[in-house]
Structures are given as structure tokens and as C-alpha cells.
Protein chains: 2
Amino acid sequence: MSRATNPAHTTATCPGIGNPAVSGATTTDRREELIHKAAHLFRANGFKGTTTRDIAAAAGMQSGSPFYYFESKGALLCAVMQTGMAIATANQDRVLAAMSPHATPREQLQALVSAHLHVLFGDGRDFMPVLAYEWPWLTDAQRQAVVAQKDAYEAAWMPALTGLHRRGELRSRPEVARFFIFGALNWTVHWFRPDGSLSVDDLAEEAMKLFVDRVA
Amino acid sequence: MSRATNPAHTTATCPGIGNPAVSGATTTDRREELIHKAAHLFRANGFKGTTTRDIAAAAGMQSGSPFYYFESKGALLCAVMQTGMAIATANQDRVLAAMSPHATPREQLQALVSAHLHVLFGDGRDFMPVLAYEWPWLTDAQRQAVVAQKDAYEAAWMPALTGLHRRGELRSRPEVARFFIFGALNWTVHWFRPDGSLSVDDLAEEAMKLFVDRVA
DNA sequence: CCTACCGATCGGTAGG
DNA sequence: CCTACCGATCGGTAGG
């Protein structure tokens with residue numbers, strides 16, 4: 001089957017990610033498996049340090065087969081990053097929806113920090129480090145697609161941060177604080193082990209103690 | 001000249017980094033130039049995304065010539081990381097030596113944060129991101145050589161952090177705080193532009209406001 | 001999805 | 001340091 005007539009290479013959110021709607025459920029499953037295996041390898045070895053043959057082997061395929069599902073290695077990276085953002089966003093939305101409308105800014109930030117750390121060491125383990133470091137390998141069109149999701153995710157933190165700032169519990173500028181906080185949290189993947197003496201919830205509590213001033 | 005009789009490939013701090021003492025000053029300069037050009041390319045494209053040909057071309061050499069100075073691409077990476085740690089350590093030592101013996105823990109941390117950010121956006125611009133992300137490509141022996149320098153650099157932060165903790169100006173555990181703070185600071189390379197409305201000193205002040213509680 | 005393959009590139013080396 | 005080169009690997013493709 002030639003590239004031009006392959007239905008897996010038509011429309012999609014990410015350019016070249018393929019269109020699940022056209023094919024059957026099994027095809028969608030195989031694509032999902034490729035995304036997860038790729039995420040794992042990209043996290044461990046980086047995008048440039050992972051070959052499409054590595055990914056194919058991890059999914060039990062021959063070397064050329066990933067290109068039946070994704071038009072290029074870069075399109076697969078884009079799908080990995082988009083999936084990662086979807087995981088993080090779904091988790092964050094769930095946490096925000098469950099929160100009381102009367103929650104204080106401090107409680108809001110606590111929930112967001114905890115949710116983010118839980119994604120980092122849970123479902124998003126293989127995806128979040130890729131999201132942090134592999135942007136240079138996306139094309140402009142691919143980057144645009146993922147950046148929109150990322151901006152929305154980060155924007156959800158601003159009400160809590162501006163609220164804390166107004167109350168005098170956060171002395172730095174909310175926008176700058178958000179950058180610093182994401183850096184501190186994302187960096188934990190380099191040193192924190194959730195099976196150690198500190199749990200993820202403990203870690204979230206330590207983070208809150210560092211970022212938020214005690215009430216006067 | 002065969003590999004075995006080449007004096008540039010004998011003893012060194014980093015395995016395979018070469019021995020400047022054996023050859024003349026010009027040889028040392030060329031090696032330094034390779035290290036700086038490599039740092040720049042590694043920062044921009046990653047270790048795996050940079051070819052030894054790219055590095056050779058940046059230094060005005062032919063493709064095989066870097067291997068006259070370094071026995072492998074990995075040895076060159078090790079030299080880059082070691083040089084980066086040397087830059088950061090020299091700067092930190094200078095700042096600590098200039099500090100009053102009566103400085104408060106807050107003043108000590110302020111000086112360390114400021115020094116670190118100035119290296120990140122100054123002399124160490126091309127080196128620090130490499131130091132943050134390219135560890136997976138070092139051999140165990142190479143990693144060992146660089147980790148020792150890194151541990152010493154980070155250990156110098158503990159007196160300030162434990163001092164603040166004792167005074168009740170830092171509520172999180174000093175060791176955990178140090179990890180969070182390094183993450184927040186190192187992450188700035190992904191978003192902060194020193195030529196914008198905020199200077200590096202402003203940035204250091206914002207960081208201090210975020211990390212350290214106001215005095216009661 | 002597999003088979004079989006291509007053109008390009010890469011880290012590294014022998015010899016001078 | 002350059003020249004000339006090697007063996008291995010890589011992303012991707014035509015055809016079924």
C-alpha cells in the first residue's frame with residue numbers, strides 16, 4: 001500500500017499523528033501502544049537517543065512498521081507529548097472539579113501542586129520528562145499544537161497564585177512564581193524516589209512549605 | 001601518528017580528556033576551543049543531536065581532528081561538564097570568600113542564589129544546561145569525576161539553609177529545599193531572558209521572596 | 001503490518 | 001592536524 005492511499009496518514013490533531021476514526025479499534029490500540037512504548041524510551045534515552053527500531057521492537061513490530069501508524073519519528077514524538085498533556089490536564093480538571101468553591105488560594109495551590117506531583121510519578125511518569133525536554137525536535141506546526149495545551153494547563157494556576165499574592169502569603173510576582181514552581185516540581189524527577197521515606201503527598205507538603213509564607 | 005603513541009591520550013582528570021601538560025600552549029588552547037564550541041552545540045542540540053563533525057566545523061577543523069584531542073565524543077562531553085563545574089565553583093568560591101563572616105543565613109542564601117543565576121546567564125550559559133541534562137551519556141568513570149564536583153558545589157548551600165530553618169525562616173526540610181531550589185533556578189534557562197524587563201538581580205530577589213519566609 | 005532495501009550520516013581510525 | 005576511509009546505523013519507503 002502506498003503512502004498516499006494509506007488512511008492512517010490523513011487528518012489529525014498533531015500533524016502526521018494519524019486518524020483513528022478511519023480505522024478499526026485494533027489499529028487505535030496499536031497506535032496507543034506505540035505511543036506508550038515510545039514515551040518510555042524517549043524518557044530514558046531522549047528523542048535523539050532512541051531509534052525507530054527500538055520503538056518497533058518494544059511494540060513487537062518490525063523496523064518499518066511504526067511508519068504505518070505515524071508518518072515520521074517526529075509525528076510520534078508529537079503524539080507522545082500531546083498524550084502527556086492530555087493525561088496531566090485530565091487529572092488537573094478532575095482535581096479542580098472536586099474542589100470546594102470556597103477553597104482558599106492556599107488550598108487551591110496545594111491541590112494543584114499535589115495533582116502535578118502525582119502525575120509526575122504516576123500515569124505521566126514517562127510523558128512529563130519528554131514534555132519538559134524534547135521541544136526542540138518538534139516542527140513549528142507540531143509545537144503549536146502542544147503549546148496550546150500546555151498554556152491552558154499552566155494558566156489554571158494563576159487564580160491561586162494571585163489570590164495568595166493579594167493575601168500577602170506569596171511575596172514574589174505570581175507569574176514569576178509560577179515559572180519557579182514548575183521548575184522546582186518538574187526537577188523532582190531527577191532526584192525524588194516515591195518508594196523512599198518521603199511519599200508524594202509528603203513531597204507536596206514540603207513544596208507548599210517552601211513556596212507559601214506562613215500566615216501572619 | 002598512531003593512537004597508542006599520541007601524548008594527548010594518556011592521563012587526565014576525565015578519562016580520555018587528554019593531558020595538556022604534555023603538549024604546548026597552542027595545543028591546550030585548541031582543546032579549550034573545542035570544549036567551548038562543543039558546549040555551545042550540546043546546549044543547543046543535545047549530546048545525541050550534535051555530531052563530532054558539527055563540533056569540528058565550529059572549531060574550523062576537519063571531521064577527524066577532534067579525535068586528536070579527545071579520545072571519544074563522550075570524553076569531550078565529560079570535559080565540557082567538568083569545565084562547567086569549574087566555572088560555577090570558581091564563581092561560588094569567589095562570592096563566599098567576599099562575604100562577611102557575620103552574614104546572616106538569609107544574606108548567605110541570597111549571595112548563593114545570585115551567584116548561581118549569574119553563572120546560568122553569564123560564563124556558564126552554554127555549560128550549565130549540559131550539566132543538567134546530559135548525564136546519561138557519561139560512562140560510570142566519567143560520571144564519578146563530575147559528580148564529586150557537583151556534590152561539593154551543592155553542599156556549600158547547606159549552612160545557609162539549615163541556618164534559615166533554625167531561625168524559622170524556612171519551613172521545609174533544608175535538604176529537600178535545596179533540591180527544589182536548584183530545580184527552580186536551573187529551570188529559568190527555559191523561560192528567562194536577561195535582556196527583558198527583569199534583570200538577573202531582580203530574578204534573584206524574586207526567588208528569595210518565594211523561598212524564604214518573611215521575618216515574623 | 002512484513003520484506004527488502006536505499007541513501008545519508010555517524011563515530012572513529014590508519015597513516016602521514 | 002588533514003586525507004581518505006570503514007563498518008555500523010538510521011529514518012524512511014515501495015510493494016505486497
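These values consider heavy atoms only, across backbone and side chains, with no hydrogens, waters or symmetry-generated copies. Numbers restart at 1 for each chain; the letters A, B, ... are given by sequence-line order, proteins then strands.
- Picking from C/dC2, D/dT3, D/dT13 the nucleotide with the shortest atom distance to the side chain of A/S65 gives C/dC2.
- Within 4.0 Å of B/R30, counting heavy atoms only, lie sugar-phosphate atoms of the nucleic acid but no base atom.
- Distances were taken from every side-chain heavy atom of A/R53 (C-beta onward) to each of C/dC1, C/dG12, C/dC5; the shortest belongs to C/dC5.
- Every stem involving DNA chain C, taken as at least 3 paired positions in a row under the Watson-Crick or G-U wobble test at 3.5 Å, is listed here: C:1-16 with D:1-16.
- Between A/F127 and A/H36, the ring planes are perpendicular. Angles over 60° get that label, and only those under 30° would be called parallel.
- When distances run from any side-chain atom of B/S72 to the nucleotides C/dC1, D/dC1, C/dG12, the shortest one goes to C/dG12.
- Residue A/T51 is classed as a sugar-phosphate contact, given heavy-atom separations below 4.0 Å to backbone atoms only.
- A/T50 comes within 4.0 angstrom of the backbone, heavy atoms only, and of no base.
- The two residues A/F67 and A/K73 come nearest to each other via the heavy atoms CE2-N, 4.1 Å.
- Atom-to-atom, NZ of B/K73 to P of C/dT9 comes out at 15 Å; the value is rounded to the nearest Å.
- Taking side-chain N and O atoms only, A/Y68 has no distance below 4.0 Å to OP1 or OP2 of C/dC2.
- If you measure from atom CG of A/D54 to atom P of D/dC10, you get 7 Å, rounded to the nearest angstrom.
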